[in-house]
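Comments concern the structure below.
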Amino acid sequence: MISNRLEGTESLSEVHESVDTTKSAKGWKRILAYLGPAYLVSVGYMDPGNWATDLQGGAQFGYSLIWVLLMSNLMALLLQSLSARLGIVRRRDLAQANREVYPPLVNFCLYVFAEIAIAACDLAEVLGMALGIYLLTGLPIIWGVCITVLDTLLLMWLQRYGIRKLEAFIVSLVAIIGLSFLIELFLAKPDIHAVAAGFMPSFLSNNALYIAVGIIGATVMPHNLYLHSALVQTRKIKSDHAGIKLALKYNLIDSTVALNLAFFVNAAILVLAASVFFSSGNTQVAKIEEAHQLLAPLLGSKLAPILFAIALIAAGQSSTITGTLAGQIVMEGYLKIRINPLLRRLITRVIAIAPAVITILYFGNEKIDALLVLSQVILSVQLGFAVIPLIHFVSDKATMGDFAIKTYTKIAAWLVASVLVYLNVKMVIQQTIPLFNNEGNWVWKILIVIVALIFIWLFLMMTFLPFVQKRKLRDIARMHNDAPILQNLVVKEARRIAVSLDFSDADEKIIAHAVSQGKQDVTYILLHIVESASATYFGESSDDYETRKDRERLDAFASQLTHVGYKVETVLGYKNRVREIVRIVQTTQADLLVMGAHRHRGLKDYVFGETIESVRHELSIPVLIVNVTD
C-alpha cells in the first residue's frame with residue numbers, strides 16, 4: 001500500500017505514548033523515562049553539514065566564530081524547548097498545528113519549504129556518510145553515495161524494537177562522535193586563551209557572514225522543530241496540570257544536556273580546525289577530505305584521521321534516522337497522508353542523492369564541501385518559516401492555557417526570530433547583488449524576483465495572519481456575549497411544492513416528505529426528466545415508448561394523490577436534467593423543491609450529487625434534500 005488517509009490524529013502514531021512515564025518510579029528511573037527525544041534531535045546539530053561549516057569557519061577565521069556557535073546553541077535551546085512545549089501541552093506537532101491555523105495555500109508553501117529543508121539536510125547526510133566511508137576505506141565517493149540508500153533498511157530494523165531502542169542506538173552514535181573529538185582535542189592541544197577570546201562577539205565580513213549563516217542553519221535546523229514536537233509525544237504523561245508541568249521540566253533538562261553535547265561537538269570541530277589549520281597557516285583548508293589528510297602530519301598521530309572518519313560516519317548515520325522521522329511528521333501533519341516508511345525513506349534519499357550524484361559526476365569531488373555548506377545555508381533560509389508559527393502557537397493562551405510562554409520568553413523568542421530573518425535576508429542580498437550587477441542572466445534574475453515575492457508574501461501571511469484571526473475571535477466572542485433577540489421567525493408558507501421524481505423505489509418516500517411540508521390546499525407539482533435518446537434529440541416532440549411510459553407513471557401518481565384530496569400538476573422535462581428541473585420550478589412558480597439523495601459512491605456520486613448541487617445553486621427557493629437510502 002502506497003498511501004492512505006490517516007484515521008487518527010496522533011503524531012508518529014506507531015510509537016505515540018509508547019513510553020509510559022505515569023508509573024510510580026522514583027529518582028533516576030523517573031527522570032530517565034522522560035530523557036531521549038532531545039538526543040534524537042541533537043544529532044541534527046552535529047551532522048556532516050555542521051562539519052563543513054565548522055571546519056571552514058575554524059580554518060579561515062580561527063577561533064573568532066565560536067561566539068556564533070554559542071549564540072546558535074542558545075537559540076536552539078530556546079526554540080527546541082518551545083517545540084517540546086507545543087507537543088507536550090497541545091499533543092500536536094508543528095505541522096499539525098500549522099494545518100489547523102493557516103489556509104491551504106499557506107500550508108502548501110510551508111509544506112514544500114519543510115520538504116526542501118529535509119532534502120537539504122539529507123543531502124548533507126548522504127555526502128557526509130559517503131565521505132566518511134571513502135576516508136576510512138578508500139571506496140569512491142560516488143559509490144558511497146549510492147550505498148547510503150541501504151541505510152533505509154537499518155531504520156526499518158531499528159523501528160521494530162521501539163522508540164527506546166532507537167534512542168539508545170542514537171545515543172551510542174553520539175557517544176562515538178563525542179569521544180572521537182575529545183581524543184582529537186587532546187592531541188591538538190588548542191590555545192585555551194584564544195578559545196576563550198572566541199566567545200566574544202566580533203564583526204563579520206561578507207565571507208564570515210556566509211559561513212556564520214551556514215553555522216546557524218546547521219545548528220538551528222527547521223526540521224528539528226517539527227521532529228521535537230512529535231518525539232515528546234512518545235511519552236505517555238498525566239494530562240493534569242501537575243503532569244504537564246513535570247513533563248516540561250524534565251524535557252527542558254533533556255534538551256539542555258543533549259544540545260550542550262551537540263555544542264561541544266561543534267565547538268570541538270571548529271577549535272580543532274582553528275588550532276591545527278588556522279594556526280599553521282593552512283587557512284585554505286575548506287574540505288573535509290583535506291582536513292582528514294592533514295590531521296596525521298600536523299598532529300603526528302595516525303589515530304586522528306581514523307577517529308575523524310569514524311565520527312563522520314556516525315554523524316551521517318545518526319542524522320539520517322532523524323531526517324526520516326521528520327519527513328514522516330511533515331507529510332502526515334500537513335497532508336494527513338501516510339506513506340509506507342520504507343517508500344518514504346527511499347523517496348527522500350533519492351531526492352538527496354540526485355544533486356550529490358550530479359555534482360560529483362559534473363564537477364568532481366572538489367565541489368562536495370561547497371555543496372555541504374550550501375545545504376546548510378538553504379536550511380537557514382527556511383528557519384523563519386518554522387520558527388515564527390511556533391512562537392505564535394506557544395504564545396496562544398486560548399490553546400496553551402497556563403502553559404503559554406511568559407512575556408520575557410516571548411520577547412526572547414521574537415528577538416531570535418528577528419535575528420535569524422535579518423541574517424538570512426542580509427546574506428541572500430549579498431549573494432544575489434553580484435548577479436544583478438552583471439549583464440544577462442535574465443532567467444535567473446526573474447526567477448530570483450519571483451521566489452523573493454513568494455517569500456515576502458508567505459512571511460507576511462505567516463507572521464500576521466494569527467494576529468488577525470485572534471482579533472476576529474475576540475470580536476466574535478464580544479458579539480456573542482449577549483444573546484440576540486429573535487424578532488422575525490415567520491416563514492412564508494409554501495403554496496406550490498415541486499417534487500422531482502426519478503421513477504425509482506424511492507419515489508414514495510420523496511412524495512411523503514413533500515406532502516408533510518404542506519396542507520391539502522397546497523398544489524404539488526410532480527416533475528420528471530425524460531432522458532431517452534429520442535427525448536434528448538426531439539425534446540417535447542418526442543413520442544417514443546419511454547416518454548409515453550413516463551407520462552403514464554406520472555399521471556398514475558397524480559391520480560392517486562388527487563383521489564385522497566391533494567391538488568396535483570404534472571410536468572415532463574427533456575434533455576438536460578439540471579436545466580430542465582430549474583426551468584420547470586421557475587415556470588410553475590414553486591415555493592419549495594423536494595429532491596431525493598441516494599448517497600451514491602464513485603462515478604454515480606459525480607452524476608447525481610452534481611445534479612443536486614447544481615440545482616440548489618441555481619434556485620433562490622428552499623430545496624429539501626431527502627435521504628432515500630435506508
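What you see is a predicted model; the values in this text were computed from it and never measured.
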Testing the basics here: between Ser255 and His228, what is the closest heavy-atom pair and its distance to 0.1 Å? OG-CE1, 3.2 Å

Using a 4.5 Å cut-off on heavy atoms from C-beta on, say whether the side chain of Arg85 contacts that of Phe403. yes

Distance from Ile313 atom CD1 to Ile177 atom CD1, nearest 0.5 Å? 11.0 Å

If I compare all heavy atoms of Ala314 with all of Ile176, which pair ends up nearest, and what's the gap? CB-CG2, 4.2 Å

CD1 of Ile133 to OG1 of Thr137: how many Å apart, nearest 0.5 Å? 6.5 Å

Euclidean distance, Leu453 CG relative to Leu458 CG, rounded to 0.5 Å: 12.5 Å

Could you check Ser275 against Tyr63 for side chain to side chain contact (heavy atoms under 4.5 Å, CB included), going step by step and ending with a plain yes or no? CA-CA 8 Å; Ser275 58; Tyr63 304 103; 3.2 Å; yes

Does the Asn73 side chain pair with the main chain of Leu69, one donor and one acceptor, at a distance under 3.5 Å? no

Which atoms form the tightest heavy-atom contact between Ser180 and Ala311, and what is the distance? CB-CB, 3.8 Å

Val41 and side-chain contact (heavy atoms from CB on, under 4.5 Å): which single residue from Leu225, Asn224, Val232 fits? Asn224

Rounded distance [0.5 Å steps], CG in Leu415 versus CE in Met75: 7.5 Å

If you draw the axis of the six-membered ring of Tyr408, does the NZ or CZ of Lys410 fall within 45° of it and under 6.0 Å from the ring centre? no

Only residue of Tyr226, Phe385, Tyr334 satisfying ring pair (Phe, Tyr, Trp, His ring centres under 6.0 Å) with Phe113 is Phe385

CA sep, side-chain torsions, deciding dist, call: His223, Val330, side chain to side chain contact (heavy atoms under 4.5 Å, CB included): CA-CA 8 Å; His223 77 280; Val330 164; 5.9 Å; no

Would you indicate whether the side-chain heavy atoms of Phe264 and Asn260 approach each other to under 4.5 Å? no

Within 6.0 Å of CH2 in Trp414, more than 12 heavy atoms from elsewhere: yes

From Ile411 atom CD1 to Ile405 atom CD1, the distance as rounded to the nearest 0.5 Å: 10.0 Å

List for me each residue that meets ring pair (Phe, Tyr, Trp, His ring centres under 6.0 Å) alongside Trp457, sequence neighbours excluded, and say none if there are none. none

Let me know which of Ile269, Val265, Leu65 forms a side-chain contact (heavy atoms from CB on, under 4.5 Å) with Asp54. Ile269

Atom pair CG (Leu259) and CG (Leu77), whose distance is rounded to the nearest 0.5 Å: 5.5 Å

Do Leu94 and Ser83 have side-chain heavy atoms sitting under 4.5 Å apart? no

Report yes if some heavy atom in the side chain of Leu78 is under 4.5 Å from a heavy atom in the side chain of Thr409; otherwise report no. yes

Looking only at heavy atoms, which two atoms of Ala417 and Ile388 are closest? And how far apart? CB-CG1, 4.4 Å

Asn107 (side chain) donor-acceptor with Asn98 (main chain) under 3.5 angstrom: yes

Asp93 side chain reached by Gln233 side chain, heavy atoms, under 4.5 Å: yes

Answer whether the closest heavy-atom distance between the side chains of Val271 and Phe181 falls below 4.5 Å. no

Apply the test side chain to side chain contact (heavy atoms under 4.5 Å, CB included) to residues Met331 and Tyr111: give CA-CA distance (whole Å), side-chain angles for both, the deciding distance (0.1 Å), then the verdict. CA-CA 8 Å; Met331 178 171 285; Tyr111 167 70; 3.4 Å; yes

Does the side chain of Leu173 reach to within under 4.5 Å of the side chain of Val43, using non-hydrogen atoms? no

Show the nearest heavy-atom pair for residues His392 and Thr463, with the distance to one decimal. NE2-O, 2.8 Å

Assess whether side chain to side chain contact (heavy atoms under 4.5 Å, CB included) is satisfied between Phe459 and Val421, documenting all intermediate values. CA-CA 10 Å; Phe459 174 78; Val421 172; 4.2 Å; yes

Please examine the side chains of Lys165 and Phe169, heavy atoms only from C-beta on, and report whether any two atoms are closer than 4.5 Å. no

Indicate the atoms forming the closest heavy-atom contact of Arg164 with Leu32, along with that distance. NH2-O, 2.9 Å

Tell me whether Asp254 contacts the main-chain N or O of Tyr250 through its side chain, where contact means a donor paired with an acceptor under 3.5 Å. no

Are the side chain of Arg235 and the backbone of Ala33 linked by a donor-acceptor contact shorter than 3.5 Å? yes

